[in-house]
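The structure appears below as structure tokens.
By convention in this document, chain letters (A, B, ...) are assigned in the order of the sequence lines, proteins followed by strands, and residues within each chain are numbered from 1. Nothing here was measured: the structure is a model prediction, and the numbers come from that model.
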2 protein chains.
Amino acid sequence: MNLQSMETYTLWADFWQALSHPIRLRVLEALRCEGALNVGQLVDRLGIGQGHLSNHLACLKNCGLVTTEAQGRYVYYHLADDRVPTLLDVGEAIFRDHWAGVATCAVVSQKPAPTRS
Amino acid sequence: MNLQSMETYTLWADFWQALSHPIRLRVLEALRCEGALNVGQLVDRLGIGQGHLSNHLACLKNCGLVTTEAQGRYVYYHLADDRVPTLLDVGEAIFRDHWAGVATCAVVSQKPAPTRS
DNA sequence: CTATGATATTGCGATATTACAATATGATAG
DNA sequence: CTATCATATTGTAATATCGCAATATCATAG
């Protein structure tokens with residue numbers, strides 16, 4: 001695949017978007033801490049609806065961040081490989097130094113812009 | 001800042017979102033290759049409107065991925081630190097192994113779902 | 001001060017994503 | 001085969017983001 005084309009950047013952006021949701025990040029952190037969990041266990045830990053979670057899991061799987069292993073009626077999810085925790089670590093390190101700035105970002109998570117007179 | 005709270009994950013998701021846009025990725029790649037560029041040079045290289053680009057640059061700056069240096073009327077942008085190329089490298093490595101799956105992801109970049117009869 | 005070039009901000013229609021409920025699929029026990 | 005539990009998929013209203021145009025700000029030259 002050509003890494004210079006506009007379409008490739010659009011697809012690469014979609015990959016990063018897999019990391020851009022609090023529920024998906026909480027799934028990744030839970031799997032990093034606990035190794036492997038099935039859908040029901042993740043529903044319990046995150047406290048969200050099963051169908052909703054399943055959509056997010058499909059996203060993480062399609063984007064190569066997690067893999068699954070079926071065991072009877074249960075489907076266990078775990079991090080895809082060692083690069084995933086590395087990615088999370090580096091991202092968290094940069095984020096820790098800049099969370100205050102992220103909160104003021106007007107493009108991402110556009111807050112209603114403080115009204116001024 | 002408490003790294004366990006839901007709000008923190010929401011903010012961390014906003015940080016990742018800075019990477020989730022083709023224009024912002026192209027800016028980061030341009031800066032990685034060329035070191036430092038001002039806004040006009042980036043407008044030329046990316047071929048988009050100045051105001052539009054400026055919004056994306058503000059996003060990257062707020063999220064700690066780039067920093068700026070004013071020189072007279074020009075503002076030069078460059079990558080914030082060495083962790084940024086590391087982040088891009090690891091992300092690209094995982095993406096390269098899974099771009100076909102990313103393209104089928106229904107949560108991110110929801111395609112109109114192939115109609116079946 | 002005025003004009004001009006460079007960059008930043010704002011407003012808003014078009015589009016994409018999310019959250020939830022309903023429903024479908026798949027596996028296993030009896 | 002039927003019932004049941006676990007997981008996946010779909011529809012859609014609410015919400016957030018994008019992209020562009022207009023305009024504001026800021027620095028410098030004259």
Under the salt bridge (Lys or Arg N to Asp or Glu O under 4.0 Å) criterion, do A:Arg83 and B:Asp89 qualify, and how do the steps go?
-> CA-CA 10 Å; A:Arg83 295 175 299 188; B:Asp89 285 340; over 6 Å; no
Polar side-chain atom of A:Glu34 near backbone of A:Leu31 as donor-acceptor pair, under 3.5 Å | no
Measure distances between side-chain N and O atoms of A:Gln50 and base N and O atoms of D:dA6, and say whether any donor-acceptor pair falls under 3.5 Å.
-> no
Integer-rounded Å distance: D:dA8 P and A:Asn62 CG = 11 Å
Check every atom of D:dA8, C:dA19, D:dG19 against the side chain of A:His56 and return the nucleotide holding the closest atom.
-> C:dA19
Round to the nearest Å and state the distance from A:Leu19 atom CG to C:dT18 atom C1'.
-> 17 Å
Please work out which of the three classes, parallel, tilted or perpendicular, describes the rings of A:His56 and A:His21, given edges at 30° and 60°.
-> tilted
Expected output: side-chain A:Arg96 to main-chain A:Glu92 donor-acceptor under 3.5 Å = no
Contact class for B:Gly49 (heavy atom, under 4.0 Å): base, sugar-phosphate, or nothing?
-> nothing
Name the closest nucleotide to the A:Tyr77 side chain, picking from C:dT7, D:dG19, D:dA8.
-> D:dA8
To the nearest angstrom, how far is A:Tyr76 atom OH from D:dA6 atom C1'?
-> 11 Å
Nearest-Å distance, CD (B:Gln41) to P (C:dG5)?
-> 18 Å
Rounded to whole angstrom units, what separation is found between the OH atom of A:Tyr74 and the C1' atom of C:dT28?
-> 11 Å
Please state how far atom CG in B:Leu53 lies from atom P in C:dA6, giving the value in whole angstrom units.
-> 14 Å
Taking the side chain of A:Arg73 as heavy atoms from C-beta outward, which of C:dT7, D:dC18, D:dC5 is closest to it?
-> D:dC5
So, is B:His52 close to the C:dA8 phosphate, meaning a side-chain N or O under 4.0 Å from OP1 or OP2?
-> no
To the nearest Å, give me how far apart CG (A:Asp14) and P (D:dC18) are.
-> 12 Å
Winner on side-chain proximity to B:Val39, out of C:dA6, C:dA8, C:dC20, is C:dA8
From CG of B:Leu25 across to C1' of D:dC18 the rounded distance in Å is 15 Å
Among D:dA8, C:dT7, C:dA19, the one nearest B:Val75 by side-chain distance | C:dT7
Side chain of A:Arg45, backbone of A:Ala30: donor and acceptor closer than 3.5 Å?
-> no
Of the listed nucleotides C:dA6, D:dT7, D:dT17, the one nearest the side chain of B:Gln17 = D:dT17
Considering only side-chain heavy atoms of A:Asn55, which listed nucleotide, D:dA8, C:dC20, C:dT18, is closest?
-> C:dC20
